[in-house]
Amino acid sequence: MLQRPRGTRDFLPEEMERRRCIEATMRKVGRGWGYREVCTPVFEDLELFTLRSGEGIIQEMYTFEDKGGRKQALRPEVTAPVLRLFVNEGRTIPKPIRWYYFCDCFRYERPQKGRYREFWQFGVELIGADSPHAEAETIMVADAALRACGVSFEMKVGHLAPMKHLLSGLELVFQRIVMGYLDKKDFDGLAAYLASIHREDLYDSLMGLIACRNVEDLFSLIDNLPERKRLEKVFALLDQAEVPHTCNFGIARGLDYYTGMVFEGFADNLGAENQIVGGGTYRLAHLFGGEDVGSCGFAIGFDRVMVSLGEMPVPRLVSAGVASTEESRNYAMRVARGFRASGIPTTVDLMERGLGAQLAHLAKEADFALIIGRREQEKGVVTLKNLHTGEQKELPVPAAIDEVKRFGDR
RNA sequence: GCCAGGGUGGGGUAGUUGGACAUCCUAGGGGACUGUGGAUCCCUCGACCCGGGUUCGAAUCCCGGCCCUGGCCCCA
């Protein structure tokens with residue numbers, strides 16, 4: 001038998017309803033902060049992603065050559081496509097640009113809990129602004145989105161400037177290696193590496209830096225940081241907005257295009273793959289031939305949010321189904337049309353079953369049964385049966401519709 | 001790429017010191033039943049992950065692969 005590709009998932013209606021509900025919550029938060037949805041192709045020129053992240057990522061992407069010989073890739077993330085979109089079409093849009101997206105992405109990696117080869121990301125990009133207010137807003141939106149969904153998480157906020165300041169005496173390649181060790185929390189490896197390049201002196205200050213838990217700690221360690229004012233402002237804004245967070249100046253985010261504030265959020269109840277959001281301030285547009293605009297953004301791992309939330313109940317549309325005798329079928333169809341026109345999902349029997357069997361089936365799927373036979377047809381009414389309580393009464397169609405609506409969505 | 005544990009009808013399971021038609025529940029389909037049946041009765045569909053090997057005989061033992069679940073690595 002054919003099976004679905006490794007690392008992918010099928011979703012049955014119940015789970016889809018749960019996913020759509022959470023998705024709608026995220027969209028609503030994004031929209032509420034003034035972000036509007038954009039959509040980019042599911043595949044792009046491979047170069048778009050290697051420009052952003054380096055050749056090394058090719059082995060973790062779904063790549064292919066199209067019939068014209070072009071090297072293509074399924075998108076492994078959405079920031080690069082959105083910035084490409086900005087460079088192509090966004091130049092004349094007034095800044096700052098607030099965009100959000102909800103897209104599926106693809107990575108060829110070994111699947112495990114919270115990691116799939118096809119996964120969904122909700123993210124925002126704030127293009128053309130990287131002020132402290134912009135940086136703070138980005139974190140606030142991420143926080144609001146996760147909070148609205150009911151996720152329990154911890155937000156760690158940092159800034160690249162202090163670390164770059166400490167490492168300013170090193171060449172860029174060495175800086176990256178050091179930041180790699182710090183990102184992995186491999187302190188033994190770090191010490192060994194620093195020794196190998198004869199910069200043991202950096203070890204203590206680096207360890208001091210990552211031990212900082214607030215800006216006061218930080219500036220007692222480094223008092224001549226040029227970015228001091230803006231950094232203080234970001235954290236002050238977060239405090240004023242009462243966005244819970246911890247400071248962590250060891251966040252390196254492993255990429256060169258991040259330029260300032262960086263942040264990561266971790267779900268409280270997940271295993272190895274517990275990072276549910278990541279973002280920061282970056283400069284990327286110039287790589288794609290655009291103007292060099294500062295931007296901020298984040299991406300939420302939607303599937304991890306779903307894993308973290310578990311099996312929560314979701315409001316469901318109240319639904320009805322017609323149980324009718326064959327002779328009254330035409331009248332029943334008319335009644336069903338009226339219910340549907342009022343926004344109530346309504347089914348009719350397709351199996352030519354008896355009235356009893358129709359009711360038996362409806363009891364498993366619907367909230368209300370609309371029993372329709374000769375009696376109802378002659379009087380122009382419907383017998384409305386609440387399938388949860390078993391109560392039933394004869395009502396004119398409009399009154400029956402009101403009754404179902406009054407029952408409300410569950 | 002590495003480590004551990006697992007794969008029996010659609011879902012959940014019994015059975016593995018090798019031995020007959022592979023157990024049960026549930027879901028699905030058909031019929032009886034024709035104004036209340038989420039019922040009852042009858043019938044039915046449907047599985048040992050794949051490929052080799054050992055053996056008279058393999059769901060059961062061995063090897064390889066695939067997939068699943070965790071973890072490591074990576075994580076844009």
Side-chain angles (χ1 to χ4, degrees), chain A residues 1-10 12 44 46 48-61 73-83 105-117 119 121 123 180 183-184 186 189 252-258 262 264 266 270-280 282 284 287 297-299 301 304 307 321-328 332 349 351-378 382-394:
Chain A
M1 184 156 57
L2 289 173
Q3 41 190 332
R4 82 181 102 84
R6 178 156 202 210
T8 62
R9 290 154 299 156
D10 298 313
L12 290 167
E44 298 264 4
L46 173 61
L48 175 65
F49 302 110
T50 54
L51 272 178
R52 181 200 187 207
S53 310
E55 299 283 329
I57 59 160
I58 291 179
Q59 57 176 340
E60 291 179 345
M61 276 196 284
L74 299 183
R75 61 179 167 220
E77 48 92 23
V78 196
T79 298
V82 167
L83 268 287
C105 303
F106 304 84
R107 294 183 192 176
Y108 195 88
E109 297 181 292
R110 186 167 187 107
Q112 61 190 67
K113 186 177 187 180
R115 174 193 280 186
Y116 308 98
R117 289 183 172 183
F119 59 97
Q121 285 195 334
D183 206 35
K184 275 184 246 175
D186 179 2
R253 294 243 82 209
L255 281 175
D256 304 331
Y257 55 80
Y258 281 103
V262 286
E264 297 176 337
F266 299 87
L270 295 181
E273 302 292 324
N274 64 341
Q275 187 182 335
I276 50 173
V277 63
Y282 61 87
L284 205 49
L287 281 181
F298 69 80
R304 291 184 186 175
V307 175
V322 169
S324 73
T325 58
E326 191 53 41
E327 58 179 350
S328 299
D349 172 65
M351 313 295 278
E352 301 182 0
R353 293 197 258 232
L355 191 61
Q358 291 181 48
L359 280 165
H361 177 251
L362 286 176
K364 295 177 200 162
E365 310 224 302
D367 301 300
F368 288 91
L370 314 175
I371 301 169
I372 294 168
R374 177 181 299 175
R375 290 207 293 271
E376 286 81 3
Q377 182 173 3
E378 282 170 357
V382 57
T383 297
L384 181 72
K385 182 184 178 93
N386 181 323
L387 292 167
H388 298 281
T389 64
E391 284 175 78
Q392 68 178 54
K393 48 188 154 183
E394 218 175 79

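Predicted model, so just to flag it, every value in this text is computed and none were measured. Here is how names work: the chains are called A, B, and so on, in the same order as the sequence lines, proteins then strands, and each is numbered from 1.
Side chain A:Gln358 to base B:rU36: no donor-acceptor pair is found below 3.5 Å. Side-chain to base pairing of A:Glu376 with B:rG35: one donor and one acceptor N or O lie within less than 3.5 Å of each other. At a cut-off of 3.5 angstrom, the base of B:rC72 holds no donor-acceptor pair with the side chain of A:Arg110. Contact of A:Lys113 with B:rU69 (side chain to base): no donor-acceptor pair of N or O atoms is detected under 3.5 Å.
Across the protein-nucleic acid pair, A:Leu51 atom CG and B:rA76 atom P stand 18 Å apart, rounded to whole Å. Rounded to an integer number of Å, the gap from A:Arg107 CZ to B:rC73 P is 17 Å. Distance CZ (A:Arg353) to C1' (B:rA32): 15 Å, rounded to an integer number of Å.
Residues A:Glu273 and A:Arg304 are paired through a salt bridge, judged by an N-O separation under 4.0 Å between the basic side chain and the carboxylate. Taking a cutoff of 4.0 Å between a charged side-chain nitrogen and a carboxylate oxygen, A:Glu327 and A:Arg374 qualify as a salt bridge. Taking the charged nitrogens against the carboxylate oxygens, A:Glu77 and A:Arg107 have no contact shorter than 4.0 Å, which rules out a salt bridge.
Here A:Glu60 lies in heavy-atom contact (under 4.0 Å) with a base. Among the protein residues, A:Gly280 comes within range of no part of the nucleic acid, since none of its heavy atoms lies under 4.0 Å from any strand. Within 4.0 Å (heavy atoms only), A:Leu362 reaches no atom of the nucleic acid at all.
Across all strands shown, B:rU69 is found opposite B:rA4 as a Watson-Crick or G-U wobble partner, with both distances under 3.5 Å.
Put simply, CD1 on A:Ile372 and OG1 on A:Thr383 are 8.5 Å apart, with the number rounded to the nearest 0.5 Å.
Of the candidate nucleotides B:rC73, B:rC67, B:rA76, B:rC67 has the atom nearest to the side chain of A:Arg6.
Only the P atoms considered, B:rG10 is 25 Å distant from B:rC42, to the nearest whole Å.
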